[in-house]
Amino acid sequence: MRAVGLDDPLFVGRGEGAYLETADGERYVDWVMSFGPLLFGHADPETVDAVRDAAGDGTTFGASTEHEVELAAEIVDAFASIEQVRLVSSGTEAGMTAIRLARGATKRDRILKFAGCYHGHSDALLAEAGSGPATLGLPATAGVTSGATADTIVAPYNDIDSAARAVARYGEGLACIIVEPVAGNMGVVPPAPGFLEALRQLCDVSGALLVFDEVITGFRIARGGAQERFEINADLTVLGKIVGGGLPIGAVGGREDVMRHLAPVGDVYQAGTLSGNPLATAAGLSVLRRLRDPGVYEELERRAARLEQGLAPFGVVQRVGAMLTLFFGTGPVTDFARASASDTARYAEYFRHMLDRGVYVPPSQYEAMFVSLAHGDEEIERTVEAARDALADDRG
């Protein structure tokens, strides 16, 4: 909240459909949706019933359950590139596991990531770009040592030439390239034409693994995520959010020959008492099974397109499927440098005005709005009208 000029966070009391209510009784149209997982809105009855039924049988066992296998099967069915799945407890843990697995499978150390892409808060991935177009990463937060990021290379997002130079320089020791196929942590930034295909080719040539972080995009912009939408397969895929139907979960999936390096079959250790928690798998199954209906994505696309059209007069709107960002700046945002050049002070004013009008948009220029099936035409119209009023006040 400090990023948008407020000292105190919202304390939420409850959520219902497209709305959340704070502890002191204020009610807002919610476009944050827990940063993405709530495709069917808050307190979705089917999801709540699934969690309630699962809780009646026990909340955790420290042992395998059938629901873990069933959830993995749903993921494998949705993603052409995934043959096996390992469930964990969060997106951060999934990203960390994917990196360790890539290193173990390739017997290499270095990883290439892109500035502005967030892959959880594990040490090796909390690196940012230096002054060059593709430099060794420097720690982006206190508590992360330079040694932890010494093997992390950072390049600008959507810059094929920079990625190619990095692979040419470090390729023999490169374990993987990890990327958000649609960036969602510098605002919504789509991949430039040919960018993802180039990364696929660079990995094929160098022997590195291509890792798609689809924690946000998985099951949101298509049932098979960005890989379905852009028709490109990764070697490893990082998932979370929608996979758990709003409960804490993460997953790593990929080719069988890579996944078999994970313990207990292989020598790359990973474990977790709460991995594949029965409440999270029950919620995830409730959601993922309904996403087999292509009509879900057709309707999400319609609603998101209408919201995009309504907000377009007020700034630069970038959208992929049911996620979008309103940037205050000029021209399209293609990388973190251009996202950082946006007018964040104006966005902060916009946020506060929208909140005053009962609409909760992301409390950061660098986050996405998430459209759900709980958002109807009424909520979209109310949001567009609030933006019109807010920006009229801003101009005044």
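Only heavy atoms go into these numbers, but all of them, side chains included; no hydrogens, no water, no symmetry mates. By convention here, the first residue in the shown sequence is residue 1.
Shown here is E385, whose CD atom has more than 12 heavy atoms of other residues, nucleotides or ligands within 6.0 Å.
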* side chain to side chain contact (heavy atoms under 4.5 Å, CB included) between T281 and E70, intermediate numbers included -> CA-CA 9 Å; T281 54; E70 292 170 354; over 6 Å; no

* Steps toward side chain to side chain contact (heavy atoms under 4.5 Å, CB included) verdict (T237, S81) -> CA-CA 8 Å; T237 301; S81 68; 3.8 Å; yes

* To do: Give the C-alpha distance, both sets of side-chain angles, the deciding distance and a yes or no for side chain to side chain contact (heavy atoms under 4.5 Å, CB included) between E197 and R200.
  => CA-CA 5 Å; E197 292 81 358; R200 177 70 274 173; 5.5 Å; no

* V32 and F370: CA distance, side-chain angles, deciding distance, side chain to side chain contact (heavy atoms under 4.5 Å, CB included) verdict -> CA-CA 6 Å; V32 178; F370 292 104; 5.7 Å; no

* To do: Take F195 and Y157 through the ring-ring contact (aromatic ring centres under 6.0 Å, His included) test and state the conclusion after the steps.
  => CA-CA 9 Å; F195 177 63; Y157 189 74; 5.2 Å; yes

For residues 37-59, dump all side-chain donor-acceptor pairs below 3.5 Å to protein atoms at least two apart in sequence or in another chain.
unit_1 : atom_1 : unit_2 : atom_2 : d
H42    : NE2    : D30    : OD2    : 2.7
D44    : OD1    : R290   : NH1    : 3.4
D44    : OD2    : T47    : N      : 3.1
D44    : OD2    : T47    : OG1    : 2.6
D44    : OD2    : R290   : NH1    : 3.3
D44    : OD2    : R290   : NH2    : 2.7
E46    : OE1    : R290   : NE     : 3.4
T47    : OG1    : R290   : NH2    : 3.2
D49    : OD1    : R52    : NH1    : 3.0

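Through direct or indirect side-chain contacts shorter than 4.5 Å among Ile, Leu, Val, Met, Phe, Trp and Tyr, L262 is connected to I99, L101, I111, L125, I178, L209, V211, V215, L236, V238, V252, V258, M259, V268.
Between E379 and A374, the closest heavy-atom pair is OE1-O, 4.0 Å. Considering all non-hydrogen atoms of both residues, V359 and Y28 come closest at N-CD2, 3.9 Å. Nearest heavy atoms, M323 versus A368: CB-CB, 4.5 Å. Nearest heavy atoms, F336 versus A115: CB-O, 3.6 Å. Contact between L285 and E74 at its shortest, heavy atoms only, is CD2-CG, 3.9 Å. Considering every non-hydrogen atom in both S275 and V88, the closest pair reads OG-CA, 3.6 Å.
In this structure a side-chain-to-backbone donor-acceptor pair under 3.5 Å is present from R103 to D109. Using modelled atom types, no side-chain atom of R2 and backbone atom of V4 make a donor-acceptor pair closer than 3.5 Å. Distance alone, capped at 3.5 Å, is enough to place a donor-acceptor pair between the E68 side chain and the T65 backbone. Listed for the T217 side chain is no donor-acceptor partner under 3.5 Å among the backbone atoms of I221. Distance alone, capped at 3.5 Å, places no donor-acceptor pair between the Y347 side chain and the P363 backbone. In terms of modelled atom types and a separation under 3.5 Å, the side chain of H375 and the main chain of S372 share a donor-acceptor contact.
Because its NZ or CZ atom is both nearer than 6.0 Å to the ring centre of Y19 and within 45° of the ring axis, R27 counts as a cation-pi partner of that residue.
Partner of E301 under the salt bridge (charged side-chain N to carboxylate O under 4.0 Å, His left out) criterion, chosen from R229, R306, R220: R229.
Under the 4.5 Å side-chain heavy-atom criterion for grouping Ile, Leu, Val, Met, Phe, Trp and Tyr, Y366 is not connected to W31 through any hydrophobic cluster. Note on V371 and F327: same hydrophobic cluster, where clusters join Ile, Leu, Val, Met, Phe, Trp and Tyr whose side-chain heavy atoms are under 4.5 Å apart, directly or indirectly. Note: the hydrophobic cluster containing L324 also contains F230 (ILVMFWY, side chain heavy atoms under 4.5 Å, direct or indirect links).
In this view, F351 satisfies the ring pair (Phe, Tyr, Trp, His ring centres under 6.0 Å) rule with no residue, not counting sequence neighbours.
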